[in-house]
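In what follows, every chain begins at residue 1, and chains take the letters A, B, ... in the order their sequences are listed.
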Protein chains: 2
Amino acid sequence: MVISANSGLFNFSLENSIINAKKSIFKYIRNMLSKKTKYGIKALAFIAKKGDKRPVQTSEISKSENISQKFLESILLELRKSGFLGSKKGKGGGYYLIKEPEAIKMTAVIRVLEGPIAMVPCVSLNYYEKCGDCPSEEACSVHSLMIQVRDSTLKVLGDNTLADISAKK
Amino acid sequence: MVISANSGLFNFSLENSIINAKKSIFKYIRNMLSKKTKYGIKALAFIAKKGDKRPVQTSEISKSENISQKFLESILLELRKSGFLGSKKGKGGGYYLIKEPEAIKMTAVIRVLEGPIAMVPCVSLNYYEKCGDCPSEEACSVHSLMIQVRDSTLKVLGDNTLADISAKK
DNA sequence: TAATACCCTATCGGGTTAGTAGGTTATAAA
DNA sequence: TTTATAACCTACTAACCCGATAGGGTATTA
């Protein structure tokens with residue numbers, strides 16, 4: 001629906017004005033951490049927090065953490081396939097931790113769910129990819145800066161284990 | 001174009017097979033630093049590197065750094081509006097730095113071009129936004145982790161000025 | 001006054017995210 | 001053996017943004 005006034009001197013679209021106003025007021029904020037990763041970490045923390053060996057159902061996590069159950073299913077499945085979780089089918093089934101929470105670094109979790117930790121592929125350790133547009137990686141002013149950012153992030157995520165983040169109240 | 005074989009027992013789409021194969025082989029790597037920001041930083045570094053007071057043309061930066069000129073124009077315009085650059089129209093015109101490179105922190109540049117530095121809006125200092133889905137921010141296992149990441153990133157980007165990154169050969 | 005270079009608006013294709021929908025299979029309890 | 005349960009699998013989609021393009025307009029200088 002476009003409301004426009006065509007009266008000689010004036011010719012404007014009201015709809016466009018509204019859209020532009022919205023854009024300036026509600027600036028889109030990009031998530032660098034996807035919901036998938038966020039939910040995955042939360043789910044792992046939830047399971048770790050329970051402590052006992054009994055499997056935890058998707059539905060329980062879904063309700064408690066307010067996550068779409070179907071979406072969560074696909075995430076837990078991925079975590080199982082990548083060796084973080086075990087599963088048990090049927091009644092009383094669910095997902096359980098395979099390793100001790102202390103042994104699960106956040107770097108590993110994020111790399112599986114999110115992909116690279118670096119902000120730019122050309123400084124990624126595990127997902128390296130050359131920039132198509134960069135004439136020279138060495139002459140690139142962004143490159144060394146992003147390496148510094150990567151290393152500091154890596155330090156934080158490597159120091160934090162699942163035990164650390166699920167210890168929070 | 002869909003190439004499919006329908007011969008009784010078989011019914012598959014070759015195209016889909018190719019697409020799925022591509023997806024698994026060439027996993028999409030998300031850029032946390034947009035091209036816009038990357039180009040913006042490179043352009044600023046380019047101007048800083050020249051050193052003299054003469055304005056630098058968009059076309060010159062575009063060619064040297066291999067950036068779409070039209071796209072670059074919009075980025076430089078934004079940098080001018082946010083107080084990093086001044087401009088001069090007409091022949092011999094272009095963009096020039098307003099402040100000394102030593103006075104331009106990378107945090108400021110990134111916040112203008114990219115937005116928040118934090119990986120999640122709920123830990124952003126300048127672009128804070130509550131998570132719609134989180135039952136409790138304090139109980140959130142991701143929250144404190146992301147605060148640590150934010151702070152370490154902030155440290156790096158705050159320590160680096162335009163002078164630092166344009167000093168590179 | 002012609003050339004230059006900044007400035008502005010509108011539009012678009014491609015690709016991802018965050019789901020939804022609807023089923024199938026394995027397991028445990030009845 | 002049946003039935004309920006919960007994991008597992010496949011396909012699809014609306015919404016959304018990025019990066020770029022197109023086509024101008026306007027100000028300044030030689």
Would you give the length of the straight line joining atom CD1 of A:Ile117 to atom CG of A:Leu125, rounded to the nearest 0.5 angstrom?
8.5 Å
Mind calculating the distance between CG (B:Asp133) and P (C:dT17) to the nearest angstrom?
17 Å
What is the distance from CG of B:Leu79 to P of C:dC7, rounded to the nearest Å?
12 Å
Starting at NZ of A:Lys63 and ending at C1' of D:dA6, how long is that distance when rounded to a whole Å?
12 Å
Distances for protein N/O vs nucleotides 17-20 of chain D N/O pairs under 3.5 angstrom?
| unit_1 | atom_1 | unit_2 | atom_2 | d |
| --- | --- | --- | --- | --- |
| D:dG19 | OP1 | B:Lys35 | N | 3.0 |
| D:dG19 | OP2 | B:Lys35 | N | 3.3 |

Using whole Å, report how far NZ of A:Lys38 lies from C1' of C:dT17.
14 Å
Looking at B:Glu60 and B:Lys50, is there a salt bridge between them, counting it only when a charged N and a carboxylate O are closer than 4.0 Å?
yes
Are any of the side-chain heavy atoms of A:Leu33 and B:Val142 separated by less than 4.5 Å?
yes
Any side-chain N or O of B:Ser87 less than 4.0 Å from the OP1 or OP2 oxygen of C:dC7?
yes
Taking only distance into account, with no hydrogens and no angle test, what donor-acceptor pairs under 3.5 Å do side-chain atoms of residues 88-104 of chain B form with protein atoms, sequence neighbours excluded?
none

Contacts of type side-chain hydrogen bond (donor to acceptor under 3.5 Å, both in side chains), residue A:Lys70, not counting sequence neighbours
none
Are the charged groups of B:Lys105 and B:Asp159 less than 4.0 angstrom apart, N to O?
no
Looking for any heavy atom pair under 4.0 Å, which part of the strands does A:Lys81 touch: base, sugar-phosphate only, or nothing?
sugar-phosphate
Measure the distance from CD1 on A:Ile29 to C1' on C:dT17 and round it to the nearest whole Å.
17 Å
Using the test side-chain hydrogen bond (donor to acceptor under 3.5 Å, both in side chains), find all partners of B:Arg30 that sit at least two apart in sequence or belong to another chain.
A:Glu114
Are any protein N/O atoms closer than 3.5 Å to N/O atoms in nucleotides 23-30 of chain C? If there are, list each pair with its distance.
| unit_1 | atom_1 | unit_2 | atom_2 | d |
| --- | --- | --- | --- | --- |
| C:dA26 | O4' | A:Lys89 | NZ | 3.3 |
| C:dA28 | OP1 | A:Lys88 | NZ | 3.3 |

Is there side-chain contact between B:Ser166 and A:Ser141, with heavy atoms separated by less than 4.5 Å?
no
Given that both pair distances must be under 3.5 Å and the pair must be Watson-Crick or G-U, what runs of three or more consecutive pairs involve DNA chain D?
C:1-30 with D:1-30
Does the side chain of A:Leu113 come within less than 4.5 Å of A:Ile75's, by heavy atoms?
yes
Whole angstrom is fine here: how far is it from CG in A:Leu72 over to P in D:dC8?
12 Å
Reckon A:Thr58 touches a base, only the sugar-phosphate, or nothing at all at heavy-atom distances under 4.0 Å?
sugar-phosphate
Whole Å only: how far is the CG atom of A:Leu76 from the P atom of D:dC8?
9 Å
Check whether any side-chain heavy atom of A:Lys155 sits under 4.5 Å from a side-chain heavy atom of A:Arg150, and report yes or no.
no
Rounded distance (Å) that lies between atom P of D:dT21 and atom CD of B:Gln69:
11 Å
Are side-chain N/O atoms of B:Ser62 and B:Ser59 paired as donor and acceptor at under 3.5 Å?
no
